[in-house]
Amino acid sequence: MRIGMFTDSYFPQVSGVSTSIRTLKEELEAEGHEVIIFTTTDPKADEDEKNIIRLTSIPFLSFKDRRIAVKGMNKALREAKKQKIDIVHTHTEFSLGLTGKFVGYMLQIPTVHTYHTMYEKYLHYIANGRVVKPKAVKIASRYFCNRTMGIIAPSQQMKEKLASYNIYKEIRVIPTGVRIPDRIDGIKAKKREELGISDSELVLLSLSRLSSEKKLDKLVHAFPEVVAAYPSAKLIFVGDGPVRHELETQVSEMGLIRNVIFVGEVKNEDVSEYYQMADIYINASDSETQGLTYLESIVNGCPVIAKRNDYLSGLIKEDSLGMLFDEDDQIGKTINAYADFYHNSDVATKQEVWDGLMQEISSKAFADAVLSYYQASIDIYESQPREELKLKVNLLEKIKR
């Protein structure tokens with residue numbers, strides 16, 4: 001099968017969406033399928049990239065490290081024809097998403113869509129939330145999604161949100177999978193030595209974009225309670241973003257400079273080193289839809305402490321996998337409780353539970369589920385009468401000429 005994926009966000013832009021798309025791309029290619037990525041230009045991108053088509057773009061409003069295409073529909077159509085793609089898979093509701101719909105319409109092939117982002121948590125990036133309101137998100141999402149063959153939701157939480165928008169097309173929950181990494185010999189001691197941390201110190205890891213919706217300030221606010229119980233504890237922030245300066249100021253004002261380390265952004269292929277170095281991964285966000293960092297942490301053997309939601313409640317089933325909290329004022333207490341438990345108990349996961357979980361969240365299982373959805377969408381699409389569509393496409397091509 002030849003798949004065209006359309007996305008505004010792709011490497012070198014680092015995000016959960018980029019990671020999800022690349023994981024899917026590489027797994028499908030490993031199974032013998034061809035994947036062509038249609039995405040935005042980026043000044044940091046390699047000039048010679050196989051099967052990546054970049055369309056002219058500009059930075060997206062106040063979200064400067066993300067981009068949006070401003071032209072290139074005809075270029076995308078030419079390339080899609082040349083590549084003879086069988087199905088369009090859109091990963092954005094914006095510029096490349098609309099381009100993907102145009103390509104699918106013109107080539108008379110089905111379009112499926114993954115709805116990655118809980119936009120209502122991100123409206124503050126556009127004129128501080130004064131212009132685009134939640135109602136507009138609902139209307140735009142409904143319009144976009146109801147004009148596809150079907151929608152992939154990364155979680156049940158996302159499916160329920162989309163259903164509340166009155167989207168009537170099939171919404172299938174397919175969680176993004178992760179690769180099962182190798183354990184890196186000696187990496188805990190090596191990485192801690194690089195960071196000036198001893199083997200005996202409690203190390204908490206936060207790995208994400210440093211942005212307001214991640215609620216990283218809540219982690220810093222709760223950390224004195226952890227330091228009171230574990231005076232040498234360290235909180236490691238891996239990642240970069242718009243609120244880094246605010247977080248550094250907060251750390252300084254709270255007298256936590258010796259306990260908090262800002263590493264900055266790291267290469268995607270290096271994140272396993274940080275998970276395998278840490279004792280506990282922590283996350284206070286309630287805007288996560290894919291939970292990639294949770295999965296990455298677990299497969300690297302690092303337990304998770306995070307804010308409870310339906311997805312995590314179904315994932316964290318064993319004590320060795322972590323602990324959940326309900327309210328932000330419980331963060332410090334939950335960390336201390338789990339740290340006490342972690343240091344004083346045998347928290348080995350039962351092998352059968354571990355094997356089942358690894359199979360469930362593997363990148364291969366993810367790709368197989370998406371591939372099955374592709375084939376079902378193609379079968380349904382090809383069984384529908386399309387004479388009227390052919391007339392519309394022929395008319396559009398005549399007008400363009």
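This chain uses plain numbering: 1 for the first residue, then up along the sequence.
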Any donor-acceptor pair under 3.5 Å linking the side chain of Thr148 with the backbone of Thr111? no
Give the intermediate values and the outcome of ring-ring contact (aromatic ring centres under 6.0 Å, His included) for residues Tyr105 and Phe102. CA-CA 5 Å; Tyr105 180 82; Phe102 169 73; 7.9 Å; no
Considering only heavy atoms from C-beta outward, does the side chain of Val173 approach that of Met158 to under 4.5 Å? no
Do you know which two heavy atoms are closest between Ser377 and Met149, and how far apart they sit? O-CE, 3.6 Å
Under a 4.5 Å cut-off applied to non-hydrogen side-chain atoms, are Glu26 and Arg179 in contact? yes
When rounded to the nearest 0.5 Å, the distance separating CD of Glu327 from NZ of Lys333 is 12.0 Å
Counting only heavy atoms not in His221, do more than 12 fall under 6.0 Å of its NE2? no
May I have the step-by-step check of salt bridge (charged side-chain N to carboxylate O under 4.0 Å, His left out) for Lys191 and Asp270, ending in yes or no? CA-CA 11 Å; Lys191 187 59 64 177; Asp270 294 335; over 6 Å; no
Taking CZ in Arg2 as the centre, count heavy atoms belonging to other residues, nucleotides or ligands within less than 6.0 Å. Is the count above 12? yes
Using a cut-off of 6.0 Å, state whether more than 12 heavy atoms not belonging to Lys75 lie near its atom NZ. yes
Are any non-hydrogen side-chain atoms of Met254 and Pro224 less than 4.5 angstrom apart? yes
SB check Arg244 Glu248 (cutoff 4.0 Å): yes
Going by the rule side chain to side chain donor-acceptor pair (under 3.5 Å), which residues pair with Thr92 if we only count those two or more places apart in sequence or in a different chain? Asp8
Can you name the closest pair of heavy atoms from Lys101 and Phe144 and give their distance? NZ-O, 3.0 Å
Can you tell if the side chain of Glu170 reaches within under 4.5 Å of the side chain of Tyr373, non-hydrogen atoms only? yes
Going through the checks in order, is the salt bridge (charged side-chain N to carboxylate O under 4.0 Å, His left out) test met by Arg54 and Asp46? CA-CA 11 Å; Arg54 293 191 180 269; Asp46 293 335; over 6 Å; no
Please report the shortest heavy-atom distance between Val35 and Glu29, naming the atom on each side. O-OE2, 3.9 Å
Flag for Arg67-Thr40: side-chain donor and acceptor within less than 3.5 Å: no
Scanning both residues in full, the closest heavy-atom pair of Leu24 with Ala367 reads CD1-CA, 3.8 Å
So, do Arg308 and Ser313 sit near enough that their side-chain heavy atoms are less than 4.5 Å apart? yes
Say you draw a straight line from CD of Glu31 to NZ of Lys364; how long is it, rounded to the nearest 0.5 Å? 5.0 Å
Measuring only between side-chain heavy atoms, which start at C-beta, is Ser20 closer than 4.5 Å to Phe366? yes
Given side chains that start at C-beta, do those of Lys215 and Ile331 come closer than 4.5 Å, heavy atoms only? no
Which word best sums up how the rings of Phe6 and Phe38 line up, parallel for under 30°, tilted for 30 to 60°, or perpendicular for over 60°? parallel
Scan for ring-ring contact (aromatic ring centres under 6.0 Å, His included) pairs involving residues 245-266, sequence neighbours excluded, and state none if there are none. Phe237-Phe262
Stepwise side-chain contact (heavy atoms from CB on, under 4.5 Å) test for Ile152 and His89: CA-CA 10 Å; Ile152 295 172; His89 186 172; 4.1 Å; yes
Begin with the C-alpha distance, continue with both residues' side-chain angles, and end with the deciding distance and a verdict on side-chain contact (heavy atoms from CB on, under 4.5 Å) for Met73 and Leu55. CA-CA 8 Å; Met73 277 193 172; Leu55 307 184; over 6 Å; no
Looking only at the side chains, is there a donor atom on one of Gln157 and Asp310 sitting less than 3.5 Å from an acceptor on the other? no
Distance check, rounded to the nearest 0.5 Å: Thr293 atom OG1 versus Asn283 atom CG? 5.0 Å
Judged by atom type as modelled, is there a donor-acceptor pair below 3.5 Å linking the side chain of Gln250 to the main-chain atoms of Asp217? yes
Aromatic plane relationship, Tyr115 with His113 - under 30° parallel, 30 to 60° tilted, over 60° perpendicular: perpendicular
Using salt bridge (charged side-chain N to carboxylate O under 4.0 Å, His left out), reason through Glu193 and Lys190 one step at a time and then give a plain yes or no. CA-CA 5 Å; Glu193 184 178 359; Lys190 178 183 177 182; over 6 Å; no
Closest non-hydrogen atom pair between Gly177 and Leu292, with its separation: O-CD2, 4.2 Å
Donor-acceptor pair between Ser9 and Ser18 side chains, under 3.5 angstrom: yes
Which pair of heavy atoms, one from Arg192 and one from Ser198, lies closest together, and at what distance? NH1-O, 3.0 Å
Using a 4.5 Å cut-off on heavy atoms from C-beta on, say whether the side chain of Gln156 contacts that of Asn309. no
Straight-line distance of Glu246 CD to Ser211 OG, nearest 0.5 Å: 11.0 Å
Nearest 0.5 Å, what's the CE-CD1 distance between Met323 and Ile282? 14.0 Å
Out of curiosity, Glu34 CD to Gln83 CD, how far, rounded to the nearest 0.5 Å? 6.5 Å
Given the rule in the side-chain contact (heavy atoms from CB on, under 4.5 Å) test, do Arg142 and Ile139 qualify, once you have shown the distances and angles that lead to the verdict? CA-CA 5 Å; Arg142 182 170 64 229; Ile139 293 170; 4.0 Å; yes
